[in-house]
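Data first, discussion second: the structure below is written as structure tokens.
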Amino acid sequence: MRTVTVIYRWWSLAGLGLLWMPTTAAALPPVLAAAEPAATSAVTQPGDQVSDLAALLPENTAFALALNTDPAVWQTLTQFELFAKLADLMGTAPNPGGLPFLPSGLDYRQIQPWIGRSALLAVLPVPSPGTVTFSERTLLIAPVAAENFEVQPLLAEIAALRGSQPEAFTYKGTPVWLWPTEDISDSASEQASSPGIRPERSVSMPLRSLLPEPPLLPPAADSLGVTRPGLAVVQAGNYLAFADNLTVLQLWLEYQYPGGPLLSENAAFLRTNQEPAAESAIALLYGDVGELSKFSFADTFDPASLGIPVPDTGLREQAAAVRFLEDMTFDTLVYPQAEGLRLQARLYRNQFLPSFPVPSSGSEGESILSRVPAPTYLLGSGQDLAGLWREAAAALSLNELTRGFLETARSVVSFALGLNLDDDLLGWMDGEYTLFFFPSRTGLLNSVLPGLQVEVAVMFETSNRPAAETALAALDRLVGAAVSRVTINQQPAVSWNFDLDGAAPTESVLSHGWVADDTLVLATGVGAMANLLDPPAFESLTEHSTFIDATASLLSENYGYFYVNAGATLSMVYSALALTPTDPDIQLVKSFLGTVSSFTATTSSTPDYVQADLLLGLAAANAREPLALEIP
């Protein structure tokens, strides 16, 4: 039952009950008043509804996250065994689980009957750099798609879950309900058990008086007691909006009157919303880096609390950063595809950033990955380590502290090896490289941890083999008598042998050799190297079905992969931990983890943007009866 409870909380999070009061069209802003009540059968398509929601926000909105609430889109997830098994366990079809700002005890099944096909979490912009935090400008907008919508039962649910009734009033004729921030420590709980309700009142706050002057000082710190965030709700036309403070909802309502430029007309946002995958995405994210940089991060992340030194920057420095980041945007899409669940993220450059270099490409047969064994557990790869080091060294040299560390490293390498760190030791690593963990019964790790059956290797592709051999020879001289020349599978190699415990024969702790004229491999001992230097019946990773499925839909022109063979890795972990297969909880967890085949990530770029792609490989679902979202 404990495992079921945890999974259920992940599967179906808290929902939100919304409030309804009669509001005349004359009292609403023109955009909102024009909205006709939407019947459930006449809801627009997801992409169109995202545009409708974006039409309620200013063009320079700092952040917008569209959450797809269409049951048909979520039902497509049951094509994967993971979500099909979750549906069987929960007795309900996949669903968003909840929405931001909503009480944690409210079931999503109470929201689904009335909500439209998308909801939008947004961060309203601030006019200039200051100390405004994200929480002071964040709201959720949700369209109502149900005819004859009644909210009083949901209002009662919210009040019961919070233990208090809301304050009810109007703002420019628009009904507002407010649960203020509460101190829920023991002493305050007794006082909050019988809260009063203020009479309705009318509030007016002109937009121009609010926006030009954001608060210059952060709000006072909360008391040491436990606090519960507030909840503010407005119903405007065919939309409901929620936030943890009233001010942001007032700002949003005020913006509807002037009819200024809209987010739905923003070219960068349109580019995101018109992506082919946007219609089937379960989440769509858009952000303006320049606008986000105007906010204070005090309520989001405090590096000083972790002991990380933070420069004392003022408004002038923040304004300079805003100018540098202006017109830089990013977006993210999360959507299902045939192989699993995909995340695609892009960062778009502005005029101040140089063009991103386009990665080189080659056929998989020529890639260094073709020399990696097929059953590899985990792998990371990239290109031009020498170039990356040059860029890193240039960055380190700009700071006095890091420049000292850099010069010390260069001096140590020069003294110990007689080599130049930048040119001689690393300069020849100008091709592909990869670090990987692979199955092996022999090697250094198996000597230290018998039965682990895992070893590690790294490969470097180079256009300058003589320079690489010079560097290896210098390292071998430094090791001295521990170096021995060996032959592995009729191939020459070098082994470094050491007495690890002082009471046993020496062990090979590292071995290096050439798997091709331009490809060097280093592995944890000769036992591990035997699996890499021309082993019999060698199967390449690039010919393995799991790797092919994990990478086929990703861009081949990329900077490298991060890849995990989930099935093989989990089997290794189960064996290493000697998990008891008869434990019901372990069996249940293993049955869910067993539906994940792989995890893959890669980065790529064009002259205009840099892109990251993540793919969670999922097994196809077995045949079963489809489940509907049960509504109580």
Is there a side-chain contact between [X] and [Y], using heavy atoms and a 4.5 Å cut-off?
X    : Y    : value
N565 : H544 : yes
V596 : L616 : yes
T462 : D430 : yes
L284 : T272 : yes
F437 : V456 : yes
P492 : R485 : no
L67  : P96  : no
L343 : T332 : yes

Step-by-step salt bridge (Lys or Arg N to Asp or Glu O under 4.0 Å) determination, E400 to R403: CA-CA 5 Å; E400 183 177 353; R403 183 166 59 248; 5.2 Å; no

With L378, the side-chain contact (heavy atoms from CB on, under 4.5 Å) member among F562, Y563, F599: F562

side-chain contact (heavy atoms from CB on, under 4.5 Å) between F547 and V372, intermediate numbers included: CA-CA 11 Å; F547 182 80; V372 175; over 6 Å; no

Stepwise side-chain contact (heavy atoms from CB on, under 4.5 Å) check, L532 with I488: CA-CA 9 Å; L532 306 174; I488 303 174; over 6 Å; no

Can you tell me if [atom1] on [X] sees more than 12 non-hydrogen neighbours from other groups inside 6.0 Å?
X    : atom1 : answer
R465 : CZ    : yes
D608 : CG    : yes
F324 : CZ    : yes

Pairing of E275 and R346 as salt bridge, 4.0 angstrom limit: yes

Under-4.0 Å salt bridge between D422 and R410: yes

Centroid-centroid under 6.0 Å between F295 and F134 rings: yes

Centroid separation W428 to F460 less than 6.0 Å: yes

Donor-acceptor contact below 3.5 Å, side chain [X] vs main chain [Y]:
X    : Y    : result
S540 : S370 : yes
E455 : N446 : yes
S591 : L588 : yes
S381 : T434 : no
D613 : T602 : no
Q383 : G560 : no
D327 : Q351 : no
S571 : G567 : yes
E469 : P466 : no
T524 : G443 : no

Can a side-chain donor-acceptor contact be found between [Y] and [X] if the only test is distance below 3.5 angstrom?
X    : Y    : result
S553 : Q337 : yes
S484 : N497 : yes
Y559 : S605 : yes

Measure the spacing between [atom1] of [X] and [atom2] of [Y] and express it to the nearest 0.5 Å.
X    : Y    : atom1 : atom2 : value
R342 : S280 : CZ    : OG    : 11.0 Å
S414 : N420 : OG    : CG    : 7.5 Å
L435 : L379 : CG    : CG    : 8.0 Å
L541 : F436 : CG    : CZ    : 9.0 Å
F269 : Y286 : CZ    : OH    : 8.5 Å
M429 : L388 : CE    : CG    : 12.0 Å

For [X] versus [Y], what's the shortest heavy-atom pair and its separation?
X    : Y    : result
S511 : A493 : OG-CB, 4.1 Å
S293 : L325 : CB-CD1, 3.8 Å
S440 : A528 : OG-CA, 4.0 Å
L520 : G513 : CD1-O, 3.3 Å
L618 : L341 : CD1-N, 4.3 Å
L425 : L417 : CD1-CD1, 4.2 Å

Ring-face cation of R271 near Y348 (centre distance under 6.0 Å, axis angle within 45°):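 Geometry flag: set, cation within 6.0 Å and 45°.
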
Evaluation steps, side-chain contact (heavy atoms from CB on, under 4.5 Å), between F63 and E291: CA-CA 8 Å; F63 177 91; E291 293 294 334; over 6 Å; no

Verdict with reasoning, Q344 to Y335, per side-chain contact (heavy atoms from CB on, under 4.5 Å): CA-CA 9 Å; Q344 175 187 294; Y335 56 93; 4.0 Å; yes

